[in-house]
Amino acid sequence: MSQRIAQFTLLVADYDAAIAFYTHKLGFTLLEDTPLSPTKRWVLVAPSGGTGSALLLALADNDAQHRCIGNQAGGRVLLFLYTNDFWRDYQRMLARHVEFKEKPREEAYGTVAVFSDLYGNLWDLLEPK
């Protein structure tokens, strides 16, 4: 039996704003945007050219979920965006006004910098060694 994580739910305050951030600022591909009800949609985005997991953008619909938007990992890095060319993607993201929380650094495991998404969730942009 083979297994993999297919989707990861990310709580958002607005579908269209989240789609715009992930597709325009990060260059992700919108895989699916299917209405499920008047207020709920099935929205999947993923890095372009990637073969890994997708993000399921889920509209928060109660107070507990709204409180978690932007802090789904309690202030830790939530997601890791791997790249085969750190400097290309870093420069592209800077040009698109993605907010980096630190300058790039070289670590034993690769080149990395932390950035935040439109809600404040932290991500690593990482080119592994």
Side-chain angles (χ1 to χ4, degrees):
M1 177 199 236
S2 177
Q3 296 180 331
R4 68 180 178 91
I5 295 174
Q7 287 101 23
F8 178 88
T9 300
L10 188 64
L11 292 168
V12 300
D14 179 86
Y15 286 120
D16 295 324
I19 290 168
F21 176 85
Y22 287 103
T23 59
H24 298 136
K25 292 207 175 203
L26 298 189
F28 283 21
T29 299
L30 177 61
L31 301 175
E32 185 173 352
D33 186 356
T34 303
L36 301 175
S37 75
T39 59
K40 190 173 180 180
R41 292 155 55 183
W42 184 263
V43 179
L44 290 174
V45 295
S48 295
T51 59
S53 302
L55 292 177
L56 173 63
L57 304 179
L59 187 66
D61 65 2
N62 62 45
D63 288 341
Q65 290 176 8
H66 279 279
R67 285 192 300 273
C68 292
I69 294 172
N71 193 26
Q72 290 188 208
R76 306 254 337 217
V77 170
L78 175 66
L79 297 162
F80 298 80
L81 181 58
Y82 278 31
T83 178
N84 63 355
D85 188 334
F86 177 89
W87 294 105
R88 173 200 64 211
D89 292 342
Y90 176 74
Q91 292 301 327
R92 184 180 303 146
M93 291 166 72
L94 281 177
R96 294 176 178 170
H97 306 288
V98 172
E99 181 184 354
F100 279 86
K101 299 297 190 177
E102 62 183 25
K103 293 183 187 242
R105 64 185 193 280
E106 294 293 329
E107 297 289 350
Y109 52 84
T111 306
V112 63
V114 176
F115 69 93
S116 62
D117 67 16
L118 75 164
Y119 296 114
N121 293 300
L122 298 178
W123 291 63
D124 270 0
L125 175 64
L126 174 61
E127 180 181 353
K129 285 193 177 176

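Atoms considered below: every heavy atom in the structure, side chains included; atoms not considered: hydrogens, waters and symmetry mates.
- With hydrophobic clusters built from ILVMFWY side chains whose heavy atoms lie under 4.5 angstrom apart, Y109 shares a cluster with V77.
- Nearest heavy atoms, M93 versus L26: CE-CD2, 3.5 Å.
- Side chains of N71 and R67: a donor-acceptor N/O pair is absent below 3.5 angstrom, by distance only.
- In K103, the NZ atom is not crowded: 12 or fewer heavy atoms of neighbouring residues, nucleotides or ligands sit closer than 6.0 Å.
- For the pair D16 and R41, the salt-bridge criterion is met [side-chain N within less than 4.0 Å of a carboxylate O].
- Hydrophobic clustering keeps L44 apart from L55 (ILVMFWY residues linked when any side-chain heavy atoms are closer than 4.5 Å, directly or through intermediates).
- Here the side chains of R96 and H24 are not in contact, with every heavy-atom distance at 4.5 Å or above.
- Side-chain contact between Y82 and P47 is absent, with no heavy atoms from C-beta onward closer than 4.5 Å.
- The closest donor-acceptor contact from the side chain of Q72 to the backbone of L11 lies under 3.5 Å.
- Between L78 and L10, some side-chain heavy-atom pair lies under the 4.5 Å cut-off.
- The aromatic rings of F28 and Y22 lie tilted to each other, with the angle between the two planes from 30° to 60°.
- Looking only at distances, no side-chain donor or acceptor of E99 sits under 3.5 Å from a matching main-chain atom of S116.
- Taking the six-membered ring for Trp and the full ring otherwise, the centers of F100 and Y90 sit less than 6.0 Å from each other.
- Residues I19 and L57 meet the side-chain proximity criterion, which asks for heavy atoms closer than 4.5 Å.
- With contacts defined as side-chain heavy-atom distances shorter than 4.5 Å, the pair E107/L126 does not qualify.
- Shortest non-hydrogen contact noted between S48 and T29 is OG-OG1, 2.9 Å.
- Checked by atom type and distance alone, the side chain of T23 never pairs as donor or acceptor with a backbone atom of L30 at under 3.5 Å.
- Residue L122 is not grouped with residue L94 when hydrophobic side chains (ILVMFWY) are merged at heavy-atom distances under 4.5 angstrom, including chains of intermediate members.
- Grouping the Ile, Leu, Val, Met, Phe, Trp and Tyr side chains by contacts below 4.5 angstrom, directly or via other members, places L31 with L36.
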- Message: For N121 and L79: C-alpha separation, side-chain torsions, deciding distance, then whether side chain to side chain contact (heavy atoms under 4.5 Å, CB included) applies.
- Response: CA-CA 8 Å; N121 293 300; L79 297 162; over 6 Å; no

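- Residues D14 and Y119 have side chains in contact (heavy-atom distance under 4.5 Å, counting atoms from C-beta outward).
- Tracing side-chain contacts under 4.5 Å through hydrophobic residues (I, L, V, M, F, W, Y), one reaches F8 starting from W123; they form part of the same cluster.
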- Derivation of the side chain to side chain contact (heavy atoms under 4.5 Å, CB included) call for R105 and V112: CA-CA 6 Å; R105 64 185 193 280; V112 63; 3.6 Å; yes

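- At distances below 3.5 Å, not a single donor-acceptor pair connects side-chain atoms of Y15 with backbone N or O atoms of V43.
- Here the side chain of S37 pairs a donor or acceptor atom with the backbone of T39 at under 3.5 angstrom.
- The two residues T34 and E32 make their nearest non-hydrogen contact at OG1-OE2, 2.8 Å.
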